[in-house]
Amino acid sequence: MSRERKAYPKEFKMISFELSNTRTNLSALAKELDVSPALLYRWRKEFSSKQGSGFPGNGKVILSAAEQELALLKKELRETQMERDMLKKAISIFSKGDNKYSGS
């Protein structure tokens, strides 16, 4: 059986984040809040990296303009590399076929 994922509201995450910055024992805090310590560490990392725009909700990440452009460029690069690889395969297939008939 799969466990159902708990959804935590943004306010709860913010309070947990603030408490985690004031406490030294995160395991005890996690037990008090009924969350895993790994989740507290992840929330701290997420909030620190996004500086206030963390915890957008439902897994939807809010990206800055530069991050959006970078994501778009990475996607285009992956697609171009895939097209290149397909063309390389096609060339190798057709070049093998040409060698059979060119010697006669």
Side-chain angles (χ1 to χ4, degrees):
M1 288 201 149
S2 63
R3 286 182 34 200
E4 190 172 318
R5 288 180 60 160
K6 287 185 178 179
Y8 298 99
K10 184 176 182 175
E11 294 78 21
F12 178 78
K13 293 178 184 181
M14 293 295 296
I15 291 169
S16 301
F17 168 75
E18 290 170 8
L19 286 173
S20 72
N21 286 331
T22 60
R23 302 270 185 98
T24 56
N25 189 350
L26 285 185
S27 296
L29 176 62
K31 195 175 253 186
E32 288 175 31
L33 296 173
D34 194 29
V35 298
S36 72
L39 193 55
L40 282 179
Y41 283 108
R42 192 178 91 208
W43 289 345
R44 286 174 70 174
K45 181 181 175 187
E46 185 178 324
F47 187 77
S48 298
S49 67
K50 295 294 181 182
Q51 291 300 325
S53 66
F55 317 127
N58 296 331
K60 296 179 183 173
V61 179
I62 299 172
L63 301 176
S64 67
E67 290 172 326
Q68 287 176 349
E69 183 179 6
L70 180 62
L72 178 66
L73 291 172
K74 284 182 178 182
K75 180 182 176 190
E76 288 177 6
L77 177 62
R78 279 192 310 272
E79 290 173 356
T80 304
Q81 287 173 334
M82 188 172 56
E83 290 170 1
R84 180 204 59 203
D85 293 342
M86 287 191 295
L87 287 172
K88 280 183 178 180
K89 271 189 179 174
I91 288 172
S92 70
I93 291 170
F94 288 123
S95 65
K96 287 178 185 176
D98 290 343
N99 289 341
K100 280 196 263 182
Y101 300 111
S102 62
S104 299

To the nearest 0.5 angstrom, please state how far the [atom1] atom of [X] sits from the [atom2] atom of [Y].
| X | Y | atom1 | atom2 | result |
| --- | --- | --- | --- | --- |
| Asp34 | Lys6 | CG | NZ | 4.5 Å |
| Lys96 | Ser92 | NZ | OG | 5.5 Å |
| Lys13 | Arg42 | NZ | CZ | 7.0 Å |

What is the minimum heavy-atom distance between [X] and [Y], and which atoms define it?
| X | Y | value |
| --- | --- | --- |
| Ser16 | Leu29 | O-CD2, 4.2 Å |
| Phe12 | Leu33 | CZ-O, 3.8 Å |
| Val35 | Trp43 | CG1-CH2, 4.3 Å |

Quiz item: Does a side-chain heavy-atom distance below 4.5 Å link Arg84 with Thr80?
Solution: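 When only atoms from C-beta onward are counted, Thr80 and Arg84 do not touch, as no gap falls below 4.5 Å.
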
Quiz item: Is there a side-chain contact between Leu40 and Arg23 (heavy atoms, below 4.5 Å)?
Solution: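 No, every pair of side-chain atoms sits at 4.5 Å or beyond.
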
Quiz item: How are the rings of Phe47 and Phe17 set to each other: parallel, tilted or perpendicular (split at 30° and 60°)?
Solution: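 Tilted.
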
Exercise. Using side-chain contact (heavy atoms from CB on, under 4.5 Å) as the criterion, list what pairs up with Glu76, not counting sequence neighbours.
Key: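 Checked Glu76 against side-chain contact (heavy atoms from CB on, under 4.5 Å); matches are Leu72, Leu73.
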
Quiz item: For Lys75, which residues count as a side-chain contact (heavy atoms from CB on, under 4.5 Å) partner, sequence neighbours excluded?
Solution: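 Counting only residues at least two positions away or on another chain, Lys75 forms a side-chain contact (heavy atoms from CB on, under 4.5 Å) with Arg78, Glu79.
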
Quiz item: Does a sphere of radius 6.0 Å around CD in Glu32 hold more than 12 heavy atoms from other residues, nucleotides or ligands, not counting ones at 6.0 Å or beyond?
Solution: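 More than 12 heavy atoms, drawn from other residues, nucleotides or ligands, come within 6.0 Å of this atom.
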
